[in-house]
Visitor: 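First, the structure itself, so that you have it in front of you.
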There are 4 protein chains.
Amino acid sequence: MDSPSQTNVDRARLLITCVDRPGVVAAVSQLLYEHGANVVDSDQHTEPDDLRFFMRLEFDLPGLQERLAALEEAFLPVAQRFGMEWRLAPAARVKRMAVFVSKQDHCLQELLWLWKKGELAAHIPLVVSNHPDAREVVAPFGVPLHHIPVTASTKPQAEAAALELMKDHQVDLIVLARYMQIVSADFIERCGRPIINIHHSFLPAFVGANPYAAAHARGVKLIGATAHYVTAELDAGPIIEQDVHRVGHRDAVADLVRIGRRVERTVLARAVAWHLEDRVLPHGNKTVVFA
Amino acid sequence: MDSPSQTNVDRARLLITCVDRPGVVAAVSQLLYEHGANVVDSDQHTEPDDLRFFMRLEFDLPGLQERLAALEEAFLPVAQRFGMEWRLAPAARVKRMAVFVSKQDHCLQELLWLWKKGELAAHIPLVVSNHPDAREVVAPFGVPLHHIPVTASTKPQAEAAALELMKDHQVDLIVLARYMQIVSADFIERCGRPIINIHHSFLPAFVGANPYAAAHARGVKLIGATAHYVTAELDAGPIIEQDVHRVGHRDAVADLVRIGRRVERTVLARAVAWHLEDRVLPHGNKTVVFA
Amino acid sequence: MDSPSQTNVDRARLLITCVDRPGVVAAVSQLLYEHGANVVDSDQHTEPDDLRFFMRLEFDLPGLQERLAALEEAFLPVAQRFGMEWRLAPAARVKRMAVFVSKQDHCLQELLWLWKKGELAAHIPLVVSNHPDAREVVAPFGVPLHHIPVTASTKPQAEAAALELMKDHQVDLIVLARYMQIVSADFIERCGRPIINIHHSFLPAFVGANPYAAAHARGVKLIGATAHYVTAELDAGPIIEQDVHRVGHRDAVADLVRIGRRVERTVLARAVAWHLEDRVLPHGNKTVVFA
Amino acid sequence: MDSPSQTNVDRARLLITCVDRPGVVAAVSQLLYEHGANVVDSDQHTEPDDLRFFMRLEFDLPGLQERLAALEEAFLPVAQRFGMEWRLAPAARVKRMAVFVSKQDHCLQELLWLWKKGELAAHIPLVVSNHPDAREVVAPFGVPLHHIPVTASTKPQAEAAALELMKDHQVDLIVLARYMQIVSADFIERCGRPIINIHHSFLPAFVGANPYAAAHARGVKLIGATAHYVTAELDAGPIIEQDVHRVGHRDAVADLVRIGRRVERTVLARAVAWHLEDRVLPHGNKTVVFA
């Protein structure tokens with residue numbers, strides 16, 4: 001895989017979903033070849049259950065910026081012929097990501113670090129928090145923190161304010177990095193942007209609040225974390241990534257919390273990086289991840 | 001850890017549970033020392049929530065067999081002083097294990113192999129199955145298969161027959177190695193022996209039937225298996241061991257089944273080995289595992 | 001991934017290696033499309049260091065057997081145009097695999113068992129051993145054991161006899177499943193068939209004999225196993241798969257051996273399955289694994 | 001395990017190493033009991049090869065500070081009777097740790113961040129670097145950076161200056177967090193403090209410089225990191241912790257570097273935390289880790 005930090009102005013990704021039919025790959029390959037594109041990475045998958053076809057192509061095309069419109073136009077008949085949902089994403093069009101956080105700042109920290117190291121291909125125009133605590137964390141990274149307190153009675157206004165910020169900053173992706181407020185179905189719908197959440201359990205086990213306490217009470221031998229897209233149904237959206245870590249009888253709830261922090265950081269960072277590089281294609285309530 | 005195959009006639013394990021009080025370890029250590037026992041392994045744990053104390057001591061005592069009764073008698077006052085539940089288990093008193101199986105024989109296979117290699121310190125006087133299919137598997141190991149068919153109407157008689165076999169063969173432990181019948185609460189109670197089950201999911205996710213299909217439908221990125229003691233509540237007994245394996249969008253349900261077989265074999269084998277070596281101490285609905 | 005047991009007479013795999021040049025994928029896809037092949041799985045990789053291109057295509061073509069020759073003929077000009085090394089492998093042309101073993105039979109056991117479950121797409125016409133011990137293991141599987149004793153003085157004759165057997169049984173793949181003899185450079189060269197070995201360490205650590213003793217002496221915290229193709233240089237051939245398991249100060253060499261057995265079984269089984277499904281493409285002293 | 005942040009003024013750890021003899025545990029337990037100490041955690045190990053006995057006891061003793069001297073005095077005869085090497089370490093006597101770093105700052109970052117979260121029971125009086133780059137990293141944590149440039153000709157003076165700093169700041173532990181200078185045998189000897197290094201390979205594979213490039217050239221399928229105590233022989237000191245991560249043919253050297261950063265951070269953090277909590281007992285060129 002290419003390092004996301006070396007953004008190549010001539011590189012783009014083509015994402016395709018359609019019903020699988022013979023000739024799809026041939027048609028796409030031929031068109032890219034004719035336009036002088038050099039495919040550097042390609043991955044495809046056909047879901048046997050519904051014969052849904054997924055493809056991700058990464059290619060270099062000298063002078064991409066000037067030739068993008070022509071390429072898209074040329075691609076239209078192919079897309080129509082196969083009934084494709086498709087998207088052409090230049091690598092240089094880096095996504096704008098807003099991070100939402102509450103008091104626990106370890107996931108925010110991890111994202112900011114990796115971002116600074118060039119491991120996350122994103123702009124981060126703002127961080128939003130219902131607490132002022134994260135101000136100190138974001139300061140060294142030069143990212144502004146917008147403090148939007150939330151109470152039961154002010155939640156609608158708070159969500160409206162957050163939405164306004166998303167529009168103002170032309171945000172492409174929202175990451176809930178241990179944001180301890182349930183975002184409303186209304187927010188999700190009006191937002192219209194993908195939202196990635198990190199849940200501190202191995203979903204679907206321990207849905208809801210206090211998963212580490214629940215895991216401890218059940219006596220599991222592994223704890224986990226799950227990064228998923230947010231949908232109106234709580235903790236039930238498409239899973240992008242999961243991982244676990246071994247625990248034992250010596251570990252109290254506080255230990256699970258501590259051990260879990262590392263798992264959460266890792267899982268969320270992977271999921272966000274994959275999304276930013278257009279590696280995650282939703283498929284109903286599941287995901288195809290071309291990692 | 002000692003290889004379970006080299007059964008030492010002078011070796012025993014002392015298992016202790018009581019409320020934690022100062023002086024427990026001193027009293028036990030002193031008594032064993034006075035009797036000339038040489039402690040070769042020791043592990044202890046105090047649960048912070050309820051101050052419950054757990055201890056496992058493995059020791060060598062020359063001439064153990066003749067001296068066991070005297071040691072137990074001497075231990076009585078110490079046990080009473082601290083209100084201990086306790087058990088002295090000579091390593092040479094190898095447990096008698098019955099394996100229950102249905103059509104899927106991979107877990108049975110694994111147990112029989114490991115047993116033959118000396119990795120499971122058990123006698124296996126019989127295998128019980130509701131299907132005749134496993135006959136071929138057990139034959140090379142010289143273990144008799146008892147075929148007890150089960151239908152909705154014959155279940156009580158079938159369970160009674162199985163119970164009779166457990167008594168006749170003086171079974172200490174029942175292992176449900178992908179036995180696809182739900183054992184009744186009545187059976188569990190009348191049986192009075194520990195029963196270990198392998199569940200083909202990362203409990204408490206996907207309780208019940210067809211966990212691999214459920215995992216596939218939810219789009220999880222890891223599948224797991226869980227070995228647990230059987231209680232009257234389905235799939236809710238104390239967990240002994242769990243493990244997982246990574247899966248992805250390319251894996252169909254059949255792949256999860258195949259990948260899961262390996263996880264199931266590993267997890268069940270570990271749990272059974274630990275139980276046979278007296279390394280698992282139940283604690284309410286959880287386990288302390290001194291592995 | 002498809003279950004290897006459901007061999008499809010209309011399915012084939014196309015393996016390609018060449019210098020990466022624009023148009024490769026388009027040309028191959030177009031040709032398969034024109035011949036009515038339906039691509040069910042496709043994977044490709046370009047090595048950035050030397051711009052070597054690797055591709056594995058799995059496709060269904062109704063009436064494959066009768067149309068194979070025509071397809072190969074039609075493919076020739078494409079192959080020549082791009083300077084391809086290539087191979088068309090019908091899934092129904094199942095590989096013939098010989099397993100070599102010494103006294104330790106756990107890897108042999110695992111392979112036979114997976115083979116019987118349909119997880120290894122192979123014929124196993126024979127097992128070769130320098131000891132007679134494995135006879136009991138292979139008997140239930142109906143595979144003949146050829147006992148070829150090896151001493152320092154008889155090694156050339158023993159290798160000649162083994163080579164003769166490979167020819168007689170038209171063996172496609174040799175698997176050294178803990179075969180404790182070093183096969184000579186002469187054998188490897190004259191054999192001309194791929195040979196997969198399982199080494200009981202995380203190569204390149206602990207090359208040579210007694211790796212578990214060496215790992216114990218070094219005090220490592222993880223032990224591993226490595227499946228690799230055999231080349232004239234001992235333990236230095238292309239690695240196909242590796243895995244590890246955690247160990248600690250409580251584990252003696254005998255424990256490492258026991259724990260290692262499980263890792264060896266898993267690693268070798270994966271590597272052999274991948275090879276049998278034409279998923280492993282050698283590249284100098286490395287491998288591209290399309291798993 | 002207890003969270004290291006809640007430093008308990010009444011808590012201490014007793015570390016013991018001696019030749020294993022009957023009565024050791026009884027004598028130690030009895031003495032602690034008589035002094036009113038409440039053992040909260042205990043772990044022991046006897047190395048079968050040389051019958052070396054290791055023990056770590058964690059206990060609470062009300063009024064520890066005033067009673068420590070008396071307890072040590074009372075322990076002396078027990079220690080002499082069994083020929084013990086031993087150490088009584090109050091948890092409140094937090095170790096003073098110096099971190100050495102070069103340009104790669106991810107391990108330094110991880111340590112500082114965990115330290116701030118209370119996961120590392122240490123004082124960090126200073127960071128030493130042969131480059132000025134880390135200044136920005138340490139600033140938000142209020143830790144001074146001492147920039148000591150090193151060239152071939154100035155190395156002796158540089159090491160002398162570093163030694164002076166260790167003395168001035170009463171440093172207990174040095175952590176080489178990707179410090180890319182080989183510390184001389186002379187420095188190690190004169191320093192007389194434990195030094196923990198993170199090596200970016202799964203030692204003993206890829207000893208020396210550029211391990212990721214070497215791993216890539218060898219085509220391994222897992223990359224690792226190793227935290228070990230530094231001895232005069234390069235990369236050969238006692239291993240404290242290791243871990244690995246899966247890689248494949250798609251990963252270039254730059255990807256191994258990126259993936260490896262996460263492994264390095266995790267492995268070093270665990271090793272340092274264990275050392276700070278007196279959980280690591282050296283044993284020749286190996287370690288006993290009571291984690």
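Naming convention: chains lettered A, B, ... in sequence-line order (proteins, then strands); numbering from 1 in each chain. All values below were derived from every heavy atom in this structure, side-chain atoms included, with hydrogens, water molecules and symmetry-related copies excluded. Predicted model, so just to flag it, every value in this text is computed and none were measured.
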Visitor: Using modelled atom types and a 3.5 Å cut-off, is there a donor and acceptor pairing between side-chain atoms of D:Q242 and backbone atoms of D:L203?
Guide: yes
Visitor: Looking at C:A236, C:G224, C:P48, which one has more heavy-atom pairs under 4.5 Å with chain D than the rest?
Guide: C:A236
Visitor: Highest number of heavy-atom pairs under 4.5 Å with chain C: which of D:V289, D:V244, D:V253, D:T46?
Guide: D:V289
Visitor: Mark yes or no for whether D:W115, through its side chain, and D:A122, through its backbone, hold a donor-acceptor pair below 3.5 Å.
Guide: yes
Visitor: Which residue in the set D:R262, D:R265, D:R261 passes salt bridge (Lys or Arg N to Asp or Glu O under 4.0 Å) when paired with D:E110?
Guide: D:R265
Visitor: Spell out the residues in residues 206-216 of chain D that have some non-hydrogen atom less than 4.5 Å away from a non-hydrogen atom of chain C, in order of number; otherwise answer 'none'.
Guide: D:F206, D:H216
Visitor: Do the side chains of C:K95 and C:D278 get nearer than 4.5 Å, heavy atoms only?
Guide: yes
Visitor: For C:E277 and C:A121, indicate whether the former's side chain and the latter's backbone hold a donor-acceptor pair under 3.5 Å.
Guide: no
Visitor: With C:I195 as reference, evaluate C:I188, C:V175, C:L173 under the side chain to side chain contact (heavy atoms under 4.5 Å, CB included) test and give the passing residue.
Guide: C:I188
Visitor: With no hydrogens and no angle check, is any side-chain donor or acceptor of D:H45 less than 3.5 Å from a backbone partner on C:H249?
Guide: yes
Visitor: Determine yes or no for a side-chain-to-main-chain donor-acceptor pair under 3.5 angstrom, with D:R250 supplying the side chain and D:G248 the backbone.
Guide: no
Visitor: Go through the atoms of D:D243 and report whether side chain, backbone, both or neither lie under 4.5 Å from a heavy atom of chain C.
Guide: both
Visitor: Test your reading of the model: is there a side-chain donor-acceptor pair from C:T287 to the backbone of C:I239, 3.5 Å cut-off?
Guide: yes
Visitor: Please check: side-chain N/O of C:E241 versus main-chain N/O of C:A271, any donor-acceptor pairing under 3.5 Å?
Guide: no
Visitor: Please answer whether the main-chain N or O of D:F290 pairs with a side-chain N or O of D:R279 as donor and acceptor at a distance below 3.5 Å.
Guide: yes
Visitor: With a 4.5 angstrom heavy-atom cut-off, is it the side chain or the backbone of D:S201 that approaches chain C, or both, or neither?
Guide: neither
Visitor: Suppose a student defines contact as a heavy atom less than 4.5 Å from any heavy atom of chain D. Which residues in residues 12-21 of chain C would they list?
Guide: none
